Amino acid sequence: MKLSKAYEPKEYEPGIYALWETSGAFAPTTALALANTERAGKGEPFSIVMPPPNANGNLHVGHAYMIPIEDILTRYYRMNGRDAIWIPGADHAGFETWVVFERTLEAEGKSRFDFSREQLYDMTWDFVEQNRGNMELQLRALGASCDWSRSVFTLDEKVVNTVYQTFKRLWDDKLIYRGERLVNYCTKHQTSFADIEVEYREEKTPLYYIKYGPFTLATTRPETKFGDTAVAIHPNDKRHQKYVGQTITVEGADGSFEVQVITDEMVDPKFGTGVVKITPAHSFDDWEVAQRHNLPMKVAIDREGRMTKAAGRFAGMPVLEARQAVIEALEEKGLLVKIDKHYKTRIGHCYKCGTIIEPLPMKQWFLKIQPLAQRAKKAIEDGRIKFIPAGKGNELIRYFNELRDWNISRQIPWGIPIPAFQNKNDPDDWIFDTRVDQEQIIINSKTYKRDDDTFDTWFSSGQWPFITTDYLTGGDLARFYPTSVMETGVDLLRQWVARMIMLGLYATDDVPFRDVFFHGLVLDEHGIKMSKSKGNVINPMDVIDEFGSDALRIGIVMNRSAGQAQAFSTASVVAGRNFCNKLWNIARFIEAKSEDGAESSAAPSLDEPSVFPDNLTKNFSSSASTSSSPHGAPEKNSSKVCSEKRSGEDGGESRAATCEPESPADHWILRQLDDARAQINQHIKNYRFAEAVDTIYHTVWDDVADWFIEASKVNSRSEFLHYVLDITLRLVHPFAPFVSETIWTALHDDDSLLISQPWPEKLSFDKKKTDEFDQIKELVSNVRLVTTQLPAGKYDLLHENDALIAETADLIKSLSGLKSVKQVKQGKGLRLATAGHAAWLDLSDELIYEHQERLETHLVEVRQEIAVLKKRLANPNYTKKAPAHLVEETKKQLDEKRALEARLMVELWVATT
RNA sequence: GGGUUUGUAGCUCAGUUGGCUAGAGCGUGCGAUUCACAUUCGCAAGGCCGCAGGUUCGAGCCCUGCCAGACCCACCA
C-alpha cells in the first residue's frame, strides 16, 4: 500500500481540520503547554483577535491573506509553548448587511417603514443566521486554528453590555452630547454617514452665475437659495466693501428675501465673482461660516431629498428637479447671467447606492473625541504600540490631531440600539437607560421616549479587543489583554485601528494591542483593484478547490510585504502547491526507504487516500514512525541513539525525537535545518512572513530534497531520515498546516497531532562534518557544471588518494551522474577548480579542448574580480575606515580568488597542452 | 492643495540599521530522466536597481531635484 503519487489536498484537508477541532488543539494553554511542564509558561501569553468577517457574507481574497498570517503567528507561538489564543468573530456589519437585507425586502415589495424596529431587527437577525455558517466554514477551509468556543458575534449580549457600559461612562464624563450638526445623509437609505463612509467622485456640474441683489455670484446649487441666510466676501476684497454689514434684499426665483453681507476668510476672491451665498443648512463650509458669524439657519431640503416649504412654490420637488426649475425661473426673470458648463467638482455619494449625499442638519449623538484622541496620540508617541509598517504610526498621529467629534448615531434598526430616552415634555431632558426593548419608560412620573437610532458599527468594533477578552468583566480570557498583535488591512487604519486605540485606552487604561501589522490590498493578477463591476474578483474558495488550502496560503504570503497593495499571483499558488507535493514526496520516499530497510513486520502502510482520514491513525503503521515505539522497540541499523522523548501522561500529546547524525550529509542537513529554524524565528518576530515562507520553501526543496534526500539514496538510516522529516514537518507546519499534519498523522500510530508539537530547539552538529559536505557539494556542482556542457555520456572522476573523495566516492558518483570515481596514481584529463581537493575529469583531449573556451571566459572573470578586490584593498580610506571584519573578509576573498585563478590556470594549461 | 507610497530580470515581487558576485517564483533556452515527485532533476541566459546630482572608503538602500504611477486626506461656492 502506497500513498498516492501526488498530494491531493481535497482528500485530506477537511478531515485534518476536523481532527484539530475535535482534539481541542485550538484552545489556549494547549496540551503541549500543559503536558510539557518544562515548556509551559514559556514567555507571555500570545493573543490575537480576528477582525470579524461579515457574518452575512463570503470571505474574499483579502481574507485569504489575512487569515494565513494570523494563523501562522498563532501556530508558531503555540508550538513555541506560549499560552496562545486566536479569538474568532463574526460581524453584524451594520450598514453592509442592512443594505443587502433591505434589498430582499424591496424584492418582496415591502419597505422598512412597514415594520417596527423590533420586527426589523428580528427579521435581520434571522436573515443573518441563515447565512452565517458559510463564512465560518470558509475560515475552516483556510485552516484557521482559532478557538471557536470563544467566537464572538458583534451583537452578542456581552458586546452590547460592554458597549453600554462604555457609553454610560462617556456620558457621565460629559464626553457624549447631543448636537445638531450637518451630517452626510443618504436620502435613499435614510441614514447619516461618517465622513469616511462618503465616496467622493469628481464630476462635471454646471456652475451658474446668478444675480444676487447687488452682486453676481457663482453657485452649483441654485436650489439651496431658499436656505440662504447670508452672503460673504473675503475680508480684503475691496470690490464690495460698501455692502459689508448691511442687510440686502435679494430677488429670487420665488419672491425676494433678505440676507446679511459678511466677510470670511473662507471666501476665495479669485473663484467665480468672489461672492458666496451662505446656506448653513446644506453646505459644510457654510455651516462653519454660520457658526463663526452666528447666522440663522433655514432648512430648504428635507430628509426625503425634497424641497421644504421654505422653497415656496418649489416645495415638494426633488432636489435635482428643483434645481432645473429654479434656473428656469431665474432665467425668466433675467437673473441668470451665464452658465459654466465645464466646471468640475467633487460630489459625495452614498458608498452603497450611489445616491448623492445631502448635507442636512440633524440632531445626533456625538462623542467629544479630542480628549480620547490626544491620549491615543501620546501612547503612539511613547512607542507603546509598534506599527508594521512603521510609517502608519505617524499617519495616525496626524489623524488624531485633526480628528473632529464623532457622530455615533445611525438611523438603521440593524445594530446596537442607543440606550437613551428623551422626556416627552422636555426635549432637552435625555437620560441613559438600557431598557431599549421598550418604546417608552416612565421615571418619576415623567414619560421618556426611546431614541430609535443605533450605534455606528465602529463604536462597538472599536471596543473589540477588550470585549472579546472579557477584560472589563475579568473572565478567564482577561489574561490575554492587551492582545499581542492586531492584524488588519491598511484601509482600516483610521476607521477601526484608531478607534480601538482611543476607546481601549479610555476603557481599560491600557493599549488594546502591542503590535499592529497592516496587510495591503490584494489586487488582481494585473495589479488592478478587484471589483464585482470589473469582473476580476478572485474567489479564494475556488483557488482552494483547485490547488489546496496550503498552496493558497503559501502562494499569497510569498513575495508580499506589509502594507503594500500587491497583485495576486496564480503562479505563486502553483509554486505553493508544488511545494506541498514536494514535501509529500519526501515523506513517501522516507516511507519507502524504511520499507526497504525493514525486514519483517516493519512494513509501513501508507494508505489510499480514499480511506483517509477515517482510518488515519490505524493505517499508517507503527514501525514506519521513528524507530522507537512508545513501548521501546529495539532500534535497527544504528548503534547511535535515536530516541523519542515523550511527555504527557497518556501519550500522544507531544514528542521530541532526537537522532544522532553520522555522515557528513547528516550533519550538514541538521545545520541547514537549524539555520532555517533560527531564520524563521527572526522573520516571525519581525513579521516578515514572505521571507519566512521563502526560507522554509528553499530549505525543504533545495536542502532536504535536492541534497539530503539525494544523498540518502546512496546511504541512509531510516531513523535519521525520520528524524529529519520530523524536524522538517515542525518547521513547515505554521505555513502549510494541512499537508504537514497529514503526513504527521500518517506516520504516527498514536493520537499525537503536529499542531501540538513543540517547535524545534537548537540542533547540534559537527562543523567539520558539515564542511566536508559543503566540499562534496562544491565538487559535485563543479562536475555538473562541466559535464552539462559536454556531450551526453558518463564520465570518470579521478583523484590521487584524496581521503574525502575516496570515502564518499559512491555519493559523489551518484550526485554528479558520473560513471565512476577512481583513485589513480597520477591525475589526468581536466583538473577541476575545486577548493581543497584535487580531482580530474577523465576526458579525451578533444573534449578538454572544447571546454577550453569556457575556462578562458571564467578565468577572465576571476581576474576581473581579483582586480576589483585589489583596488579596494589598495585604497587607504577603505582599510582605515571600513570595519575590520570587512577588510579581513576582503583579504580572504582575494586569497580565494587567487587560488581559484591558479587552479583555473592549471586546468587551462592541461587543456591546451 | 496637503500627506503617504511605488518605480529592481520578460511578468509578479523580495532585498531589514548603507558592506561579499543584487535574489525568488513564474516564464525562456539547453540537457537529463521510468525505480519519492513531469506538480521531476541538472545547467544557463536575462538587471545603466526610473532619471540627474550629492553625501560616503563604499549607495538599490541616505539627501536634493526631476519624470511616471498608486493611494489617502481636505471646506473651494
Side-chain angles (χ1 to χ4, degrees), chain A residues 2-3 5-7 195-196 200 207 217-221 224 232 266-268 270-273 275-279 283-289 343 345-346 389 391-392 394-395 398-399 402 490-491 493-494 520-521 523 525-527 529 547 551 555 558-561 563-572 574-593 682-683 686 688 690-691 694 697-698 705-706 709-710 713 781 784-789 791-792 816-817 861 865 868-869 872 875-883 885-887 889-890 892-893:
Chain A
K2 293 283 182 198
L3 277 180
K5 266 189 150 187
Y7 174 59
D195 294 346
I196 40 181
Y200 286 93
L207 182 63
L217 56 73
T219 180
T220 52
R221 302 202 60 185
T224 62
M266 149 272 196
V267 182
D268 176 358
K270 290 192 278 293
F271 185 89
T273 60
V275 182
V276 186
K277 68 190 197 66
I278 302 297
T279 322
S283 151
F284 288 100
D285 305 339
D286 296 3
W287 170 269
E288 298 281 327
V289 174
Y343 182 67
T345 191
R346 283 160 53 82
K392 296 293 165 192
N394 295 329
E395 201 176 327
R398 283 190 297 274
Y399 176 64
E402 64 196 30
V490 268
D491 49 323
L493 175 70
R494 292 158 181 236
L521 205 59
L523 308 171
E525 298 255 10
H526 308 287
K529 197 169 166 177
F547 300 103
M558 211 179 221
N559 280 348
R560 215 169 267 281
S561 53
Q564 294 297 326
Q566 280 161 359
F568 177 87
S569 156
T570 303
S572 296
V574 169
R577 178 202 53 186
N578 295 354
F579 171 80
C580 294
N581 191 56
K582 194 74 188 174
L583 186 67
W584 180 255
N585 277 291
I586 289 170
R588 281 183 68 212
F589 172 82
I590 291 175
E591 281 307 275
K593 270 282 167 191
Q682 270 317 105
H683 291 322
N686 297 322
R688 303 189 78 88
E691 283 89 335
D694 197 63
Y697 182 95
H698 287 105
D706 289 349
I709 293 288
E710 288 306 316
K713 288 177 179 173
S781 294
R784 283 173 180 174
L785 178 63
V786 174
T787 55
T788 195
Q789 301 297 318
S816 323
E861 282 168 7
E865 286 162 10
V868 168
L869 292 170
R872 191 182 300 165
N875 180 350
N877 279 325
Y878 175 70
T879 46
K880 250 185 276 170
K881 293 185 185 174
H885 73 272
L886 280 172
V887 178
E889 190 67 26
T890 310
K892 212 176 117 193
Q893 272 171 40

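Below, read A as the first sequence line, B as the second, and so on, with proteins coming before strands; counting in each chain starts at 1. Nothing here was measured: the structure is a model prediction, and the numbers come from that model.
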Value in whole Å for how far the [atom2] atom of [N] lies from [atom1] of [X]:
| X | N | atom1 | atom2 | value |
| --- | --- | --- | --- | --- |
| A/R221 | B/rC75 | CZ | P | 16 Å |
| A/E402 | B/rU4 | CD | P | 12 Å |
| A/K880 | B/rU56 | NZ | P | 15 Å |
| A/I586 | B/rU40 | CD1 | P | 12 Å |
| A/N578 | B/rC26 | CG | P | 7 Å |
| A/K277 | B/rC76 | NZ | P | 17 Å |
| A/N585 | B/rC41 | CG | C1' | 13 Å |
| A/N581 | B/rU40 | CG | P | 7 Å |

Could you measure between the two [atom1] atoms, the one in [N] and the one in [M], and give it in whole Å?
| N | M | atom1 | result |
| --- | --- | --- | --- |
| B/rU64 | B/rA22 | C1' | 25 Å |
| B/rG19 | B/rC62 | P | 11 Å |
| B/rG42 | B/rC48 | C1' | 32 Å |
| B/rG7 | B/rG50 | P | 7 Å |
| B/rG46 | B/rU28 | C1' | 9 Å |
| B/rG23 | B/rC35 | C1' | 35 Å |
| B/rA44 | B/rC37 | P | 26 Å |
| B/rG58 | B/rU17 | C1' | 16 Å |

Subject >> Residues forming a side chain to side chain donor-acceptor pair (under 3.5 Å) with A/T890, sequence neighbours excluded >> reply: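 Checked A/T890 against side chain to side chain donor-acceptor pair (under 3.5 Å); matches are A/Y878.
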
**OP:** Name all residues meeting the side chain to side chain donor-acceptor pair (under 3.5 Å) criterion together with A/E889; count only those two or more places apart in sequence or in a different chain, and write none if there are none.
**Re:**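 Testing A/E889 for side chain to side chain donor-acceptor pair (under 3.5 Å), a comparison that skips the adjacent residues, returns none.
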
Original post:
Hey, does the side chain of A/R560 reach the backbone of A/A567 with a donor-acceptor pair shorter than 3.5 angstrom?
Top reply: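 Side chain of A/R560 to backbone of A/A567: a pair is present.
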
So, does the side chain of [X] form a donor-acceptor pair with the base of [N] at under 3.5 Å?
| X | N | value |
| --- | --- | --- |
| A/K593 | B/rA36 | no |
| A/K582 | B/rC37 | yes |
| A/Q564 | B/rA70 | no |

Touch class at under 4.0 angstrom, heavy-atom based, for [X] against every strand present:
| X | answer |
| --- | --- |
| A/I278 | nothing |
| A/R784 | sugar-phosphate |
| A/A218 | base |
| A/K713 | base |
| A/D706 | sugar-phosphate |
| A/A705 | base |

Can you tell me which nucleotide in [options] comes closest to the side chain of [X]?
| X | options | value |
| --- | --- | --- |
| A/T788 | B/rU12, B/rC43, B/rC37 | B/rC43 |
| A/V267 | B/rA77, B/rU4, B/rA36 | B/rA77 |
| A/R398 | B/rU4, B/rU39, B/rA36 | B/rU4 |
| A/T220 | B/rU4, B/rA77, B/rA44 | B/rA77 |
| A/R494 | B/rC37, B/rC72, B/rU40 | B/rC72 |

Original post:
In terms of the angle between their ring planes, are A/Y7 and A/W584 parallel, tilted or perpendicular, with boundaries placed at 30° and 60°?
Top reply: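 Rings of A/Y7 and A/W584: tilted, 30 to 60°.
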
Original post:
Does A/K5 place a side-chain N or O at less than 4.0 Å from the phosphate oxygens OP1/OP2 of B/rC37?
Top reply: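 Answer yes for this pair, as a side-chain N or O of A/K5 is under 4.0 Å from OP1 or OP2.
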
**OP:** Just jot down the salt bridge (Lys or Arg N to Asp or Glu O under 4.0 Å) partners of A/K713, sequence neighbours excluded, or say none.
**Re:**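 Residues passing salt bridge (Lys or Arg N to Asp or Glu O under 4.0 Å) with A/K713: A/E710.
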
**OP:** With side chain to side chain contact (heavy atoms under 4.5 Å, CB included) as the test, would you mind laying out the steps for A/R688 and A/Q682 before giving the verdict?
**Re:** CA-CA 8 Å; A/R688 303 189 78 88; A/Q682 270 317 105; over 6 Å; no

Subject >> Watson-Crick and G-U pairing of RNA chain B, under 3.5 Å, as dot-bracket with | and [ ] >> reply: (((((((..((((.....[...)))).(((((.......))))).....(((((..]....))))))))))))....

**OP:** Let me know, please, whether A/L207 or A/K529 comes out on the 5' side of the other along RNA chain B by nearest nucleotide.
**Re:**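 That would be A/K529.
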
Original post:
Want to settle it: does A/Y7 or A/R560 sit nearer the 5' end of RNA chain B, counting the closest nucleotide to each?
Top reply: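 First, find each residue's nearest nucleotide; the 5'-ward one identifies A/R560.
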
Subject >> Residues in side-chain contact (heavy atoms from CB on, under 4.5 Å) contact with A/S561, at least two apart in sequence or another chain >> reply: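 Applying side-chain contact (heavy atoms from CB on, under 4.5 Å) to A/S561 gives A/Q564, A/Q566.
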
Original post:
In the 5'-to-3' direction, what one-character label does each nucleotide of nucleotides 15-25 of chain B receive under the scheme B = base within less than 4.0 Å of a protein heavy atom, S = sugar-phosphate only, - = no such atom?
Top reply: SB--BBB--BS

Original post:
Do A/R588 and A/N585 have side-chain N/O donor and acceptor atoms under 3.5 Å apart?
Top reply: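 The answer is yes; a qualifying pair exists.
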
